[in-house]
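Atoms considered below: every heavy atom in the structure, side chains included; atoms not considered: hydrogens, waters and symmetry mates. Please read all numbers here as calculations on a predicted model, not as lab measurements.
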Amino acid sequence: MSTLAIFGYGPGLGAGTAQHFGRNGFRIAVIGRDPVERAAALRAEGIEAEPFTADVTDPAQVLDVIGRIEEKLGPIDVALHSAAADMSVRSASTVEVDRQALELPFALKVYSPIQLTRALLPAMIARGSGTLLFSSGASEQHLQPYLANVGVALGAQRAYIRQLAGELDGTGVFVGLLAIGSLIENSAAQRIVDANPDLVPAGLVLPRIDNAELGARLWRMYTERDTVEVEVGFAS
């Protein structure tokens, strides 16, 4: 049985992806700060899942949790990095962005993905197979200045993944980036926005997307392996 490890598992993207992959024969490694109940929920649906506690922004914990997963479940065939900051940490405009405002977004969306890649990639290349999937919320075609500090980090993440995908061509390892332009149903971000509507600029209506649809999109990226960047949920 193949293993999908979801780093930064949450009730939105993480759960939707785990459910789709799990129903297609994957066992799921649930990685986060409170993974026990989330893994139990998957098992209640008949999906094989194991919880692993870790802070994905801590390099030592990332290396440690990968070792624990591989010891218990074997090699990680697919990894999804889905950790994200919520809108409560946003900078309201690009002019307001400073170094401090970038620290958490860069820790989550740049440094953590790089650490994960460096830890998993050598074994994947040696096997001649593997998949690294990442999530984003930005698009060059649909700028979101009210998420300015996060947008800067996501731009850096995108550049890293595009370069990485080019270098890995022909190795058997696929790298993909799913850019999500909507609020994910059932996610922690949705609950925060619904409880604090002032976080959204006046007059802006955020589209919403079901997490099951996102799980299906990531499954297609994994199976088809022909598109590095996929955008979904951005307003036209």
Side-chain angles (χ1 to χ4, degrees), residues 1-32 35 38-39 41-42 45-50 52 56 66 69 73 75-85 108-110 112-114 116-117 120-121 124 129-139 142 154 157-158 160-162 164-165 168-169 171-190 207-234:
M1 179 180 286
S2 298
T3 297
L4 164 66
I6 302 180
F7 292 81
Y9 188 105
L13 179 60
T17 305
Q19 289 162 344
H20 198 99
F21 276 71
R23 291 167 187 155
N24 282 277
F26 273 74
R27 68 167 67 90
I28 312 299
V30 177
I31 303 117
R38 302 194 192 286
L42 291 173
E45 297 181 37
I47 295 170
E48 185 174 337
E50 293 291 339
F52 297 89
V56 300
I66 289 172
I69 293 167
L73 303 179
I76 294 171
D77 302 283
V78 181
L80 168 64
H81 188 285
S82 58
L108 284 168
K109 305 307 290 183
V110 182
S112 181
I114 290 173
L116 179 64
T117 299
L120 293 178
L121 194 55
M124 288 184 171
S129 66
T131 299
L132 298 169
L133 299 171
F134 303 89
S135 67
S136 174
S139 165
H142 304 278
L154 293 177
Q157 179 200 40
R158 179 174 183 260
Y160 171 71
I161 292 169
R162 292 181 68 186
L164 181 65
L168 293 177
D169 187 38
T171 65
V173 180
F174 173 72
V175 178
L177 176 66
L178 180 64
I180 305 163
S182 296
L183 198 60
I184 303 171
E185 295 285 1
N186 302 315
S187 68
Q190 178 204 338
R208 303 197 177 205
I209 192 167
D210 189 72
N211 63 349
E213 179 179 344
L214 298 176
R217 291 277 185 145
L218 285 166
W219 177 257
R220 290 207 301 272
M221 292 175 71
Y222 160 69
T223 54
E224 296 173 4
R225 304 171 73 84
D226 59 359
T227 306
V228 173
E229 294 182 81
V230 173
E231 293 188 358
V232 62
F234 287 91

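- In this structure Arg208 satisfies the salt bridge (charged side-chain N to carboxylate O under 4.0 Å, His left out) test together with Asp194, sequence neighbours excluded.
- Expressed to the nearest 0.5 Å, how far CZ of Phe234 lies from OG of Ser182 amounts to 8.0 Å.
- Evaluation of the side-chain contact (heavy atoms from CB on, under 4.5 Å) rule for Thr117 yields Leu121, Leu132, Phe134, Tyr160, Leu164 as partners, not counting sequence neighbours.
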Using the rule given for side chain to side chain contact (heavy atoms under 4.5 Å, CB included), can you reason through Ile69 versus Ile31, listing the C-alpha separation, both sets of side-chain angles and the distance that settles it, and then say yes or no? CA-CA 9 Å; Ile69 293 167; Ile31 303 117; 3.6 Å; yes
Please table the atom pairs, donor to acceptor, closer than 3.5 Å between any side-chain atom in residues 1-20 and protein atoms at least two apart or in another chain.
unit_1, atom_1, unit_2, atom_2, d
Thr3, OG1, Arg27, NH1, 3.1
Thr17, OG1, Leu13, O, 2.8
Gln19, NE2, Glu45, OE2, 3.1

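- Taking all atoms of both residues into account, the shortest heavy-atom contact from Ser135 to Ser82 is OG-CA, 3.5 Å.
- Residues Leu133 and Leu178 form no side-chain contact, since every pair of their non-hydrogen atoms from C-beta on lies 4.5 Å or further apart.
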Evaluate the criterion side chain to side chain donor-acceptor pair (under 3.5 Å) for residue pair Thr131 and Arg225; output intermediate values, then yes/no. CA-CA 9 Å; Thr131 299; Arg225 304 171 73 84; 2.8 Å; yes
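- In terms of heavy-atom proximity, Lys109 sits nearest to Ala84 at CD-CA, 4.3 Å.
- With rounding to the nearest 0.5 Å, the separation of CG in Asn211 from CG in Asn186 is 5.0 Å.
- Residues forming a ring pair (Phe, Tyr, Trp, His ring centres under 6.0 Å) with Tyr222 (at least two apart in sequence, or on another chain): Phe21, Phe26, Trp219.
- Nearest heavy-atom pair, Ser136 versus Leu177, reported as atom, atom and distance to 0.1 Å: CB-CD1, 3.7 Å.
- Annotation for Asp77 and Met124: closest pair O-CE, 3.8 Å, computed over non-hydrogen atoms.
- By the side-chain hydrogen bond (donor to acceptor under 3.5 Å, both in side chains) test, Ser112 is found to be paired with His81, residues two or more places apart in sequence or in another chain being considered.
- Between the side chain of Arg23 and the backbone N or O of Gly46 there is no donor-acceptor pair closer than 3.5 Å.
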Applying side chain to side chain contact (heavy atoms under 4.5 Å, CB included) to Val56 and Leu116, what does each step give before you reach the verdict? CA-CA 9 Å; Val56 300; Leu116 179 64; over 6 Å; no
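- Pairing each heavy atom of Met221 with each of Val228, the nearest pair is CE-O, 3.8 Å.
- Between Gly181 and Pro207, the shortest heavy-atom distance links the atoms O-CG, 3.8 Å.
- With sequence neighbours excluded, the residues forming a salt bridge (charged side-chain N to carboxylate O under 4.0 Å, His left out) with Glu50 are Lys72, listed by chain and number.
- Separation of atoms CD1 (Ile28) and CZ (Arg38) is listed at 14.5 Å; rounding is to 0.5 Å.
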